[in-house]
Amino acid sequence: VSDVPTEFALQQNYPNPFNPSTSVSYALPAPGEVRIAVFNVLGEQVASLVNGAQEAGYYTVQWNGTDNRGQQVTSGVYFLTMHAGEFTAMKKMMLVK
């Protein structure tokens with residue numbers, strides 16, 4: 001088993017639906033700038049989970065259901081996006097209180 005993935009990947013968050021927090025795993029086959037953010041159904045960014053340079057490898061990030069100001073977001077559907085180089089992916093998540 002290699003410590004370096006062969007392709008970019010954004011896994012579905014777990015658990016989903018979630019309350020109060022969820023984990024997101026992703027893979028980078030090469031070093032580079034990575035942005036992972038959470039958007040609401042209106043397309044507004046509510047949280048930035050990752051924003052910066054990372055080495056190649058496997059990663060997991062937690063989201064605790066709060067926005068960028070630390071305020072708890074409401075129940076509902078959210079979209080998780082990942083941008084790394086030419087790779088872009090999106091997953092749908094549901095926060096249930």
Side-chain angles (χ1 to χ4, degrees):
V1 176
S2 173
D3 289 326
V4 178
T6 58
E7 60 186 27
F8 288 98
L10 175 64
Q11 303 299 320
Q12 184 65 52
N13 66 301
Y14 182 82
N16 190 28
F18 68 96
N19 178 17
S21 67
T22 190
S23 296
V24 177
S25 295
Y26 59 100
L28 305 173
E33 292 291 320
V34 180
R35 290 178 302 154
I36 298 178
V38 177
F39 292 83
N40 63 20
V41 294
L42 300 176
E44 301 165 327
Q45 182 176 320
V46 296
S48 176
L49 304 182
V50 177
N51 189 11
Q54 290 188 319
E55 294 298 318
Y58 295 95
Y59 295 89
T60 300
V61 64
Q62 296 273 126
W63 183 44
N64 60 2
T66 59
D67 63 18
N68 285 328
R69 298 176 312 227
Q71 302 295 313
Q72 190 68 41
V73 298
T74 60
S75 294
V77 174
Y78 292 88
F79 298 94
L80 179 72
T81 64
M82 175 179 168
H83 300 281
E86 298 295 315
F87 176 81
T88 300
M90 182 184 299
K91 300 289 183 184
K92 187 163 89 172
M93 309 185 288
M94 183 173 289
L95 171 60
V96 178
K97 293 186 182 179

Side-chain donor/acceptor pairs under 3.5 Å, residues 89-97, sequence neighbours excluded:
unit_1 : atom_1 : unit_2 : atom_2 : d
Lys97  : NZ     : Val73  : O      : 2.5

Transitive ILVMFWY cluster of Tyr14 at side-chain heavy atoms under 4.5 Å: who else is in it? none
Closest heavy-atom pair, Ala84 versus Leu28, reported as atoms and distance to 0.1 Å, is CB-CD2, 4.1 Å
What pair of heavy atoms forms the shortest contact from Phe87 to Leu10, and how long is it? CZ-N, 4.2 Å
Inter- and intrachain pairs under side-chain hydrogen bond (donor to acceptor under 3.5 Å, both in side chains), touching residues 74-85, at least two apart: His83-Thr88
side-chain hydrogen bond (donor to acceptor under 3.5 Å, both in side chains) partners of Asn51, counting only residues at least two apart: none
Would Phe79 and Val24 show up in the same hydrophobic cluster when neighbours are defined by side-chain heavy atoms closer than 4.5 Å? no
What pairs of residues pass the side-chain hydrogen bond (donor to acceptor under 3.5 Å, both in side chains) test when at least one of them lies in residues 30-41, not counting sequence neighbours? Asn40-Glu44
Taking all atoms of both residues into account, what is the closest heavy-atom pair of Asn68 and Ala47, and its distance? OD1-CA, 3.2 Å
The complete set of ring-ring contact (aromatic ring centres under 6.0 Å, His included) pairs with one or both residues in residues 29-51, sequence neighbours excluded, reads none
Ser21: partners by side-chain hydrogen bond (donor to acceptor under 3.5 Å, both in side chains), with sequence neighbours left out: none
Checking Pro20 now: which residues fulfil side chain to side chain contact (heavy atoms under 4.5 Å, CB included) with it, not counting sequence neighbours? none
For Ala9, side chain to side chain contact (heavy atoms under 4.5 Å, CB included) partners two or more places apart: Gln11, Ala27
Can you pull the salt bridge (Lys or Arg N to Asp or Glu O under 4.0 Å) pairs that have at least one residue in residues 49-60, sequence neighbours excluded? none
Residue pairs involving residues 22-32 (criterion side-chain hydrogen bond (donor to acceptor under 3.5 Å, both in side chains); sequence neighbours excluded): Asn13-Thr22, Ser23-Gln62, Ser25-Thr60, Tyr26-Gln54
Check side-chain hydrogen bond (donor to acceptor under 3.5 Å, both in side chains) between Asp67 and all other residues, then give those that pass, not counting sequence neighbours. Arg69
